[in-house]
A.B. asks: 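Below is the structure I would like to discuss, written out as structure tokens.
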Amino acid sequence: MPGRAGHRGLPTDVVADRAEAGAADTRSESTGRVANSLMAAVVVGHTVIALVGSLIVATDARRDEFALQRLIGSTRGQVR
């Protein structure tokens with residue numbers, strides 16, 4: 001009975017028995033799992049980008065500190 005025209009000619013789905021209801025529930029769970037996995041990937045990706053950005057900023061600040069130490073007369077051994 002799926003695809004039967006309903007209100008205003010829009011298609012409707014009718015679940016005929018328990019087996020079809022179980023199949024529809026399984027499809028819904030599968031879609032939910034995919035959506036959750038996608039959201040987890042987005043969160044992990046954002047976290048990685050933020051971490052890399054923080055490391056770049058910290059490294060750049062340290063580079064400036066090392067350059068300043070060299071300018072005031074520290075030897076390479078003292079800077080390391």
A.B. asks: Rounded to the nearest 0.5 Å, how far does CZ of Arg33 lie from OG1 of Thr31?
C.D. replies: 9.0 Å
A.B. asks: Kindly compute the distance separating OG1 (Thr59) from CG (Leu55), expressed to the nearest 0.5 Å.
C.D. replies: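 If I round to the nearest 0.5 Å, the distance is 6.0 Å.
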A.B. asks: Between Val52 and Val44, is there a shared hydrophobic cluster once you connect ILVMFWY residues whose side-chain heavy atoms come closer than 4.5 Å?
C.D. replies: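 The answer is yes; both residues are in one hydrophobic cluster.
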A.B. asks: Ignoring hydrogens, what is the shortest heavy-atom contact between Arg70 and Arg76? Give both atom names and the distance.
C.D. replies: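 Looking at all heavy atoms of both residues, the shortest contact is NH1-N, 3.3 Å.
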A.B. asks: Once rounded to the nearest 0.5 Å, what's the spacing between atom CD of Gln69 and atom CG of Asp64?
C.D. replies: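 If we round to the nearest 0.5 Å, Gln69:CD and Asp64:CG are 12.0 Å apart.
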A.B. asks: Is it possible for you to say whether Val57 and Ile49 belong to one hydrophobic cluster, with membership spreading through side-chain heavy-atom contacts below 4.5 Å?
C.D. replies: no
